Amino acid sequence: MNIHVGHLYPDYLNIYADRGNIAVLSRRAAWRGHDLEVTAIGLGDDVVAGEHDLYYVGGGQDREQMLVAEDLLLKADALRAAVDGGAALLAVCGGYQLLGRGYRGFHGEDMPGIGLLPLETVAGEKRMIGDVLLECELEPGERRTLAGFENHAGRTRLDPGAEPLGRVLSGFGNDGESGYEGCRNGRVIGTYLHGPLLPRNPWLADWLLSQALAHRTGGEAVALDPLPDRLEQEAHAVSAERARDRGGKR
Ligand code: GLN
């Protein structure tokens, strides 16, 4: 099967090794006999709903976010139609913030968001930096931990009733207070975790691939056959341990 991935703004939103996430998706798809076809979707490019099975948007600093925010608005309707049609989407950090209703940057710059996730973000004085450990339950009864690194000034507030990606075991998360990190709406996931995220959390990479495959086939999402993942588990354990050493929320 060919899995079509639309990588939004790879030239602007790509700090913290976000490209590594794409590399992981690509290898894990190939190990299951699937080809990942990645298309860059940049400034001025159209999003065509139905064309891609998975969208990815990475992290960036306020300056880069400013450069893409207005352009992303032009793509908002098509992206909404794409996810309504079952496409999956992973947004990291700066990209995550722009999926909400808006982001007010560190210097008071107001950036519009596309409202795909029910949240808003305002930058605070102090950056929230360090290793993070979350507990997630994307599928009922399947609790998994997600380990990563955060570095953001933005405080993200979820609307009442919005589903977070996970519960913070260690680290700051969305705003350093709520105890939650990220946001999930169906097959759309936003998170502050990078570093990159997927190499040390292969279960999430596989979850995204299975959602993308479901979009491609028009069927239900089916869990992929497990891989040995010895190094990946080790990377997860080291990262989780660093987050635990940091202690609870602070
Ligand atoms: N500029 C945003 C913030 O500081 C996002 C940073 C990032 O993508 N790492 O909150």
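Residue numbers start at 1 and run along the sequence shown. Computed from a prediction, not measured in an experiment: that's the story for all the values here. Whatever order the structure lists ligands and atoms in, that order sets their numbers, starting from 1. Side chains are part of it too, since the values below use all heavy atoms of this structure and drop only hydrogens, waters and symmetry mates.
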Do NZ/NE/NH1/NH2 and the carboxylate oxygens of Glu177 and Arg157 come within less than 4.0 Å?
-> yes
What is the closest protein heavy atom to atom 1 (N) of ligand 1, and at what distance does it sit?
-> Asp62 OD1, 2.5 Å
Would you check if there is a donor-acceptor pair between the side chains of Tyr103 and Glu109 at a distance under 3.5 Å?
-> no
Side chain to side chain contact (heavy atoms under 4.5 Å, CB included) with Val132: of Thr191, Leu169, Leu193, only one passes, and it is Leu193
Would you mind finding which of Gly124, Gly59, Gly60 brings a heavy atom closest to atom 6 (C) of ligand 1?
-> Gly60
Any idea which atoms of ligand 1 are less than 4.0 Å away from a heavy-atom of Tyr103?
-> 1 (N), 2 (C), 3 (C), 4 (O), 10 (O)
Have a look at ligand 1 and work out which part of Asn151, if any, has a heavy atom under 4.0 Å from it: side chain, backbone, both or neither.
-> backbone
Would you indicate which of Gln61, Gln65, His152 comes nearest to atom 2 (C) of ligand 1 when only heavy atoms are counted?
-> Gln65
Looking only at N/O atoms, are Gln97 and ligand 1 under 3.5 Å apart anywhere?
-> yes
Give the contacting part of Tyr192 toward ligand 1: side chain, backbone, both or neither, where contact means a heavy-atom distance below 4.0 Å.
-> neither
Could you list which atoms of ligand 1 come closer than 4.0 Å to a heavy atom of Gly154?
-> 3 (C), 10 (O)
Test item: Asp62 side-chain N/O and Phe106 main-chain N/O as donor-acceptor pair under 3.5 Å | yes
Just go through Gly95, Ala153, Cys93 and tell me whose heavy atom is the nearest to atom 9 (N) of ligand 1.
-> Cys93
Quickly, which of Asn185, Leu208, Val57, Leu117 forms a side chain to side chain contact (heavy atoms under 4.5 Å, CB included) with Leu89? Name it, please.
-> Val57
Plane angle bin for Phe149 and His194 - parallel if under 30°, tilted between 30 and 60°, otherwise perpendicular | tilted
Does at least one non-hydrogen atom of Arg127 fall below 4.0 angstrom from an atom of ligand 1?
-> yes
Sub-4.0 Å atoms of ligand 1 with respect to non-hydrogen atoms of Gly94 | 5 (C), 7 (C), 8 (O)
Side-chain donor/acceptor of Glu150 to backbone N/O of Gly173, under 3.5 Å | yes
Examine ligand 1 and decide if any of its atoms is less than 4.0 Å from a heavy atom belonging to Phe106.
-> no
Are the side chain of Trp203 and the backbone of Leu146 linked by a donor-acceptor contact shorter than 3.5 Å?
-> no
